Engineer: 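Before we start, here is the structure in question, set down as structure tokens.
Naming convention: chains lettered A, B, ... in sequence-line order (proteins, then strands); numbering from 1 in each chain. If you're wondering where the values come from, they're calculated on a predicted model, not measured in any experiment.
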Number of protein chains: 2
Amino acid sequence: MATHDPPAPVDSEPDTTAELPRELAVLWRSQAPGRRGPRPGLTLDRIADAAIALADAEGLAAVSMARVAAALGVTTMALYRYVSSKDELLAVMADVAVGWPPPPHAAGTEWRVALEGWAHAQIAALTAHPWITRATASPPLGPHSLAWLEAGLRALDDTPLDPGTRTSVVGALSLHMLSEGQVLAAIADQERAQERTGSRAPEHPALVDYATLLRLLADADDHPHVVAAVASGAFDDDPDEPYDTSIGLDLLLDGIAALIDRAAAQRPPQDGRGDA
Amino acid sequence: MATHDPPAPVDSEPDTTAELPRELAVLWRSQAPGRRGPRPGLTLDRIADAAIALADAEGLAAVSMARVAAALGVTTMALYRYVSSKDELLAVMADVAVGWPPPPHAAGTEWRVALEGWAHAQIAALTAHPWITRATASPPLGPHSLAWLEAGLRALDDTPLDPGTRTSVVGALSLHMLSEGQVLAAIADQERAQERTGSRAPEHPALVDYATLLRLLADADDHPHVVAAVASGAFDDDPDEPYDTSIGLDLLLDGIAALIDRAAAQRPPQDGRGDA
DNA sequence: CCTATCTGTCTACGGGGTAGACAGAACCGT
DNA sequence: ACGGTTCTGTCTACCCCGTAGACAGATAGG
């Protein structure tokens with residue numbers, strides 16, 4: 001399921017592992033290798049894969065410790081030998097499912113091309129596993145997530161932005177992608193529900209499309225602008241087109257371009273990257 | 001809890017109510033007024049208020065049908081006379097908690113001022129109830145949410161954008177605010193957890209700050225850009241400052257400005273608003 | 001070989017969402 | 001005024017979920 005090349009096996013940093021909080025130690029698969037008891041029958045990754053398959057097929061709500069364990073042919077409690085809580089499993093799932101970022105662009109690639117590619121790759125990952133955005137509440141700190149952060153910062157290499165601003169820019173973009181993912185998750189849920197209640201019966205509440213509902217709810221006195229927008233067809237989305245994700249991203253990129261222009265004007269262009 | 005003036009009582013549209021799907025009928029409080037049995041002891045709004053209070057105090061996870069019912073002095077099942085499922089209660093909670101948008105700016109206000117005010121008001125609402133972003137998965141269709149949509153579209157009144165683009169812009173901004181709200185919710189959760197495990201003991205996993213963890217995890221070989229960013233202090237946020245929300249919003253607004261400039265160049269400025 | 005250690009299992013607990021049956025209150029038409 | 005209808009709140013019961021704790025067996029170190 002990994003999208004691209006992992007940066008390194010795992011154990012290249014020897015001293016840090018000792019001080020890692022437990023939850024992160026699991027995420028990074030750092031364990032003392034010499035052990036005593038019977039050999040473990042499972043792997044954290046096998047568990048994560050099973051859970052991911054379940055979430056992909058039936059949504060995150062279907063992921064319970066019992067069902068994941070059943071899919072692996074073990075007891076529910078067996079999972080707790082690998083994961084200390086369900087939240088921890090969700091964190092591992094999310095990190096594994098995002099996969100690795102695409103390989104970096106060649107040096108000298110324009111920032112906008114690089115950043116756009118990075119964003120689209122992230123959206124692709126979230127499209128493949130829409131539940132990711134709901135799986136974890138804490139800031140992403142797994143190996144895959146960290147690789148994405150690295151890739152995002154790298155895309156801004158040749159810009160005149162200072163490190164703090166670069167971080168903010170990548171953060172804002174990530175946040176945006178996260179909410180796009182949430183929309184994708186909502187759509188996936190809706191499709192699943194639609195499937196369950198017979199293929200095309202819109203008798204179920206939230207399955208009617210937005211435009212229809214707005215036409216019912218918005219009246220011209222209280223919501224003239226909404227009515228006008230609906231009338232102009234602004235809410236009628238093509239059922240063929242999966243979901244137009246580009247608008248918000250384009251706005252952000254335009255904003256970043258403006259930011260870069262301002263920074264370039266203030267700090268005259270140097271040839272290389274500025275240090276410290 | 002309502003922030004500002006509601007647009008109208010409720011029952012100004014007579015015919016639509018009949019065709020509303022059940023879930024929305026509850027959101028819009030449309031019921032046949034002539035009834036037969038004993039007078040209801042509760043109100044949907046009283047239930048929503050109790051649930052909101054619970055969520056504000058202890059987080060969305062603490063909201064269970066049982067606890068909400070207990071807070072109101074009734075049995076769990078009594079709530080199901082007003083709401084057909086917990087999801088429906090969550091939808092009502094979310095809509096009530098966002099409240100009404102601020103009153104519209106005077107006509108002729110610059111779009112950026114109006115939109116920025118709108119956005120900040122929305123962030124304020126989400127700051128007051130950070131769990132809102134987690135409460136509902138479906139697109140917002142309650143009376144309050146619709147009022148926010150109306151207000152957002154109104155802010156773009158004097159721009160040369162066509163209706164479809166305006167809708168997209170408002171959607172992108174709403175989405176952005178939604179993810180900001182998610183960050184706020186994560187912070188709130190973290191603070192609650194911190195409170196629970198003794199005020200300032202960072203023994204708990206995810207409570208250590210991001211910069212410290214990144215310093216542990218990112219090594220210079222695999223993540224040079226992350227290491228550089230951490231070294232430059234880009235991740236050290238002031239513990240005093242609550243959360244700097246402006247960056248992403250500014251980027252979006254700059255992007256919108258660029259979009260408007262382009263539209264104005266293409267369609268020369270008219271004095272009034274263009275119709276149809 | 002003994003013993004410490006680790007694995008998977010079993011049992012059990014509290015809590016969650018919600019279906020169904022029921023008693024009583026309030027209103028309707030007569 | 002009255003019987004029937006309809007709606008309310010309660011009670012009971014069911015199944016699922018996350019997880020603590022005790023236990024049997026496997027494994028490797030001394």
Engineer: Just how far, in rounded Å, is C1' of dT7(C) from CD1 of Ile47(A)?
Structural biologist: 12 Å
Engineer: Can you tell me how the ring of Tyr210(A) sits relative to the ring of Phe235(A), calling it parallel under 30°, perpendicular over 60° and tilted otherwise?
Structural biologist: tilted
Engineer: Could you write nucleotides 22-30 of chain D as a row of B, S and -, 5' to 3', where a protein heavy atom under 4.0 Å of any base atom gives B, of only sugar-phosphate atoms gives S, and otherwise -?
Structural biologist: B--BBBBS-
Engineer: Whole-Å distance between dC6(C) C1' and Leu42(A) CG?
Structural biologist: 14 Å
Engineer: Check Asp189(B) with Arg192(B), please: is the shortest side-chain N to carboxylate O separation under 4.0 Å?
Structural biologist: yes
Engineer: Can you measure Leu89(B) atom CG to dT18(C) atom C1' for me and round it to whole angstrom units?
Structural biologist: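 Going from Leu89(B) (CG) to dT18(C) (C1'), I get 14 Å.
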Engineer: With nearest nucleotides of DNA chain D determined for Thr76(B) and Thr76(A) from heavy-atom distances, which residue corresponds to the more 5′ nucleotide?
Structural biologist: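 The answer here is Thr76(B).
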Engineer: So, do Leu146(A) and Leu149(A) sit near enough that their side-chain heavy atoms are less than 4.5 Å apart?
Structural biologist: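 Leu146(A) reaches Leu149(A) side chain to side chain.
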Engineer: At under 4.0 Å, does any side-chain N or O of Tyr80(B) touch on OP1 or OP2 of dG9(D)?
Structural biologist: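 For dG9(D), neither OP1 nor OP2 has a side-chain N or O of Tyr80(B) closer than 4.0 Å.
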Engineer: Starting from P on dC16(D), measure out to CD on Glu58(A) and report it in whole angstrom.
Structural biologist: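 So the CD-P distance, Glu58(A) to dC16(D), works out to 14 Å.
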Engineer: Could you check which of dA19(C), dT9(C), dT8(D) has an atom nearest any side-chain atom of Met77(B)?
Structural biologist: dA19(C)
Engineer: May I ask you to test the Tyr82(B)-Val26(B) pair for a side-chain heavy-atom distance under 4.5 Å?
Structural biologist: no
Engineer: If I take atom CG in residue Leu54(A) and atom C1' in nucleotide dC17(D), what distance separates them, rounded to the nearest angstrom?
Structural biologist: 14 Å
Engineer: Within a strict 4.5 Å, meaning less than it, do heavy atoms of the Leu89(A) and Val83(A) side chains meet?
Structural biologist: yes
Engineer: What is the separation between atom NZ on Lys86(A) and atom C1' on dA20(D), rounded to the nearest whole Å?
Structural biologist: 18 Å
Engineer: In this structure, how many angstroms lie between the C1' atom of dC11(D) and the CG atom of Leu79(B), rounded?
Structural biologist: 15 Å
Engineer: Determine the minimum heavy-atom distance between Leu27(A) and Ala91(A), stating which atoms define it.
Structural biologist: CD2-O, 3.8 Å
Engineer: Return the value, rounded to whole Å, for the distance between atom CZ of Arg67(B) and atom P of dG14(C).
Structural biologist: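 Taking atom P of dG14(C) as the reference, CZ of Arg67(B) is at 17 Å.
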Engineer: Just verifying a value: how many Å separate Met93(A) CE and Asp49(A) CG, rounded to the nearest 0.5 Å?
Structural biologist: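 Separation between the atoms: 10.0 Å.
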Engineer: Quick one: is Ser64(A) getting a side-chain N or O under 4.0 Å of the dC17(D) phosphate, OP1 or OP2?
Structural biologist: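 Ser64(A) to dC17(D) OP1/OP2: side-chain N or O found under 4.0 Å.
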